Amino acid sequence: MTAVQPKSMDEIMSLCKRRGFVYPASEIYGGINGFWDYGPLGAQLKKNLRDAWWQDVVMNPCWGRSGPDGNPVEIVPVDTCIIQNPRVWEASGHLAGFNDPRVDCRETKNRYRADHLLVLVHPQDLAAPCVAFLEGNEDAARVRLEKLLRPGRGSISAGGSISAGQNVSAAGDVIAGDTISAGLNITAGRDVSAGKRLESADYIVVSMMDFPEERIGQVFGPDAKTMGTLTEPRPFNLMFPTVIGATGDPEADKAYLRPETAQGIFVQFKNVVDTTRVGVPFGIAQTGKAFRNEVTPRNFTFRSREFEQMEIEFFCHPDTAKEWYAFWRDWRMEWWKSLGLAGDNLILREHDRDELAHYAKEGAGTSDVEYRFPFTAPGFGELEGIAHRTDFDLRRHAEHSGLGDKLKYFDPTRGEPAPNGQPKGERYFPHVIEPSAGLDRGVLAALCEAYTPDPERPSGVFMKFHPRLSPIKAGVFPLVKKDGMPEKAHALATTLRKKFGHLGTIEMDEKQSIGKRYARMDEAGCPFCFTIDSDTLADDTVTVRHRDTLAQERIAMDAVPAFLGEKLGI
RNA sequence: GCGGGUGUAGCUCAAUGGUAGAGCGUCAGCCUUCCAAGCUGAAUGUUGACGGUUCGAGUCCGUUCACCCGCUCCA
């Protein structure tokens, strides 16, 4: 199943453009980094994947199978706004987490707020190593810098490489590298003159915010063993800011495009509980666009700045979270498999503990459904994450909104029995299992999986979409454009459109040779073609042409709707 | 963010500093009884953008944008 030779991403992208699956966004203006548009076939492909999710998650949850409690799984949908009250993002942690410049350490993978990070620098030598430290650790940093700067203490150290143009004074008690260079910034009040022996107290403390970028390579990170592992301070503006209102005060009226659809669900949790007949355990589902100002958009549509999510927030009692987590993890994997992403290219990967997001640290775990894209091979890229988010989000919103315990769920099925024999009920913050899938990534995986080079056939390649995902469900062709065949074909196409038109296109084409029309359908990924020929006129049978095998069979024309319906899983 | 590469028709690619082309696809007509068949014809480009050098730039130089690859990043 797995292609030994990885498929060429260039060729897949070329086909996507050629056949109208994906175009560069605003291409006639030179495009825009990190944004892609779907063409006619791509838009339908994406809708089919979203519809499949909606059907299997919302309308018929988990294909009708029971949850770990033995009852049918209950899911209701919502559709919440892309723009929310900015305090939503304050509560969720997205605002605080990404509004300040960050410094990353390549060695330790630690991330620091740049305004909390201080740097101990030599007052004179611009080339000397520096030591970064967190507030409160200044003494240790001084000791460390001391060791670095004068291992031989007092004498000119062996490693004191003096670079060209460096001005070392004659005074013997100046260590190598102690230069008074022009343009040096010495803080006010410091009396550091040539020849003076440096004491630890003379080192200067500079905020990382003010530290010159070009010298970042000389800095030892707070926990790093080697020099130069810190990145420059970078603002992590994950969220796209926007402005609300006609006056448009950029600060007072500031709002954000949502970075995830999940928070809209948490914010409406109480309304859903109060106004519908759902009871824990149940889930709320939503699809919609989300926006992230990615540092590096890359790899076609895989990491784009505007993308669509398909998210479930499944609420359950804390005691049952573990079983529900395992249930969703396993079923979500099955679901992707059912759409043709099978074989070695799809894996379920449980996260290591230290990989977990802040909200999931205490939970039962996090897993990814991952696909081996041509550009990640032999590695994998995430399609969907299934996380036990605990009650983190509901608690945060309870605090920030001031609702407090009112946001707790009252569960009438739990608690001690009252004198009348009924449970007294229990008030709690439900735990949340979040299967969160990337729709655009799913589409990309479907495109990559479907792409099948085949030198034997005229098109040289065909798109082996699962029939459920195919943007074109069927082609209907008269073998030749005469003898009443076009009329018969039109009639069949009309019948099929009435029955299957909501699922995808029924393509009717009477132009050019039959081989050319089949080839076109191969590249578009149409699974079945029905061809009307002279025999049809005599006995009302048609040829079915199978995309994947090139096989042909004859069936009665009035059996075509049932045939197609069965193939499409209806 | 850093380094490397690429950018010419819808796609794949040509074009010594000297008139921008081919194949395929697309479209029209004829023909055609099952896999891009055949014949005839048609449309399609500010050579990614801007600037410079030059009598003259697709070609040389600079800037910029986009994409690809490798690092980096991805609560």
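Here the structure is a predicted model, which is why all the values come from computation and not from measurement.
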What N/O pairs connect the protein and nucleotides 68-71 of chain B at under 3.5 Å? Give each pair on its own line.
unit_1, atom_1, unit_2, atom_2, d
C68(B), OP1, Phe300(A), N, 2.7
C69(B), OP2, Asn299(A), OD1, 3.3
C69(B), N4, Arg298(A), NH2, 3.4
G70(B), O6, Arg298(A), NH2, 3.0

What integer distance in Å separates [X]:[atom1] from [N]:[atom2]?
X         : N      : atom1 : atom2 : result
Asn33(A)  : G48(B) : CG    : C1'   : 15 Å
Met485(A) : U32(B) : CE    : P     : 12 Å
Glu382(A) : C73(B) : CD    : P     : 17 Å
Glu510(A) : U32(B) : CD    : P     : 16 Å
Trp89(A)  : A75(B) : CH2   : P     : 16 Å
Arg396(A) : A75(B) : CZ    : C1'   : 12 Å
Phe528(A) : C34(B) : CZ    : C1'   : 18 Å
Phe302(A) : C73(B) : CZ    : P     : 16 Å

On a whole-Å scale, what distance lies between the [atom1] atoms belonging to [N] and [M]?
N      : M      : atom1 : result
A15(B) : A66(B) : P     : 29 Å
U32(B) : A49(B) : C1'   : 47 Å
G4(B)  : U44(B) : P     : 40 Å
C13(B) : G7(B)  : C1'   : 13 Å
A28(B) : C68(B) : P     : 35 Å
A37(B) : C60(B) : C1'   : 47 Å
G23(B) : U64(B) : C1'   : 33 Å
U12(B) : U72(B) : C1'   : 34 Å

Counting any heavy atom closer than 4.0 Å, what does [X] reach on the DNA or RNA strands: base, sugar-phosphate only, or nothing?
X         : value
Arg545(A) : base
Glu11(A)  : nothing
Leu15(A)  : nothing
Gly34(A)  : sugar-phosphate
Ser14(A)  : sugar-phosphate

Check the interface with nucleotides 22-31 of chain B: list each N/O to N/O pair with the protein under 3.5 Å, or write none.
unit_1, atom_1, unit_2, atom_2, d
U26(B), OP1, Arg520(A), NH1, 2.2
A28(B), OP1, Lys511(A), NZ, 2.8

Who pairs with [X] by salt bridge (charged side-chain N to carboxylate O under 4.0 Å, His left out), at least two apart in sequence or on another chain?
X         : result
Arg19(A)  : Glu523(A)
Glu11(A)  : none
Arg395(A) : Asp391(A)

Mind jotting down which residue pairs meet the side chain to side chain donor-acceptor pair (under 3.5 Å) criterion with at least one end in [range]? Sequence neighbours excluded, please.
range                       : value
residues 551-563 of chain A : Asp533(A)-Arg554(A), Thr541(A)-Arg554(A), Thr543(A)-Arg554(A), His546(A)-Glu553(A)
residues 436-445 of chain A : Tyr38(A)-Asp440(A), Lys46(A)-Asp440(A), Glu311(A)-Ser436(A)
residues 470-491 of chain A : Lys488(A)-Asp540(A)

Cation over ring face, Arg547(A) and Phe462(A), 6.0 Å, 45°: no
Below 4.0 angstrom, N of the basic side chain to O of the carboxylate: do Arg520(A) and Glu507(A) qualify? no
Which nucleotide, A75(B), U32(B), C35(B), lies nearest any side-chain atom of Gln552(A)? C35(B)
Could you check which of C34(B), C67(B), A75(B) has an atom nearest any side-chain atom of Thr543(A)? C34(B)
Can you list the residues that meet the side-chain hydrogen bond (donor to acceptor under 3.5 Å, both in side chains) rule with Trp336(A), with sequence neighbours excluded? Glu384(A)
Begin from the C-alpha positions of Glu313(A) and Asp393(A) and carry the test side chain to side chain contact (heavy atoms under 4.5 Å, CB included) through to its verdict. CA-CA 11 Å; Glu313(A) 305 300 333; Asp393(A) 300 276; 6.0 Å; no
Counting Watson-Crick and G-U wobble pairs with both distances under 3.5 Å, what is the dot-bracket string for RNA chain B, 5' to 3', using [ ] for crossing pairs and | for pairs to another strand? (((((((..((((....[..)))).(((((.......))))).....(((((..]....))))))))))))....
For Ala559(A), what residues pass the side chain to side chain contact (heavy atoms under 4.5 Å, CB included) criterion, not counting sequence neighbours? Ala556(A)
Given Asp368(A) and Arg349(A), is the salt bridge (Lys or Arg N to Asp or Glu O under 4.0 Å) satisfied, shown in steps? CA-CA 5 Å; Asp368(A) 283 348; Arg349(A) 189 177 68 83; 3.7 Å; yes
Which of Phe375(A), Phe307(A), Tyr371(A), Trp36(A) passes ring pair (Phe, Tyr, Trp, His ring centres under 6.0 Å) with Phe302(A)? Answer is Phe375(A)
Closest nucleotide of RNA chain B for Ile514(A) versus for Arg441(A): which of these residues is on the 5' side? Ile514(A)
Filter on ring pair (Phe, Tyr, Trp, His ring centres under 6.0 Å), then keep only pairs touching residues 435-457 of chain A, sequence neighbours left out; what's left? none
side-chain N/O Lys17(A) vs C11(B) OP1/OP2, d < 4.0 Å: yes
With a 4.0 Å cutoff (strictly under), does any side-chain N or O of Ser513(A) reach OP1 or OP2 of A37(B)? yes
For the side chain of Tyr518(A) and the base of C34(B), is some donor closer than 3.5 Å to an acceptor across the two? yes
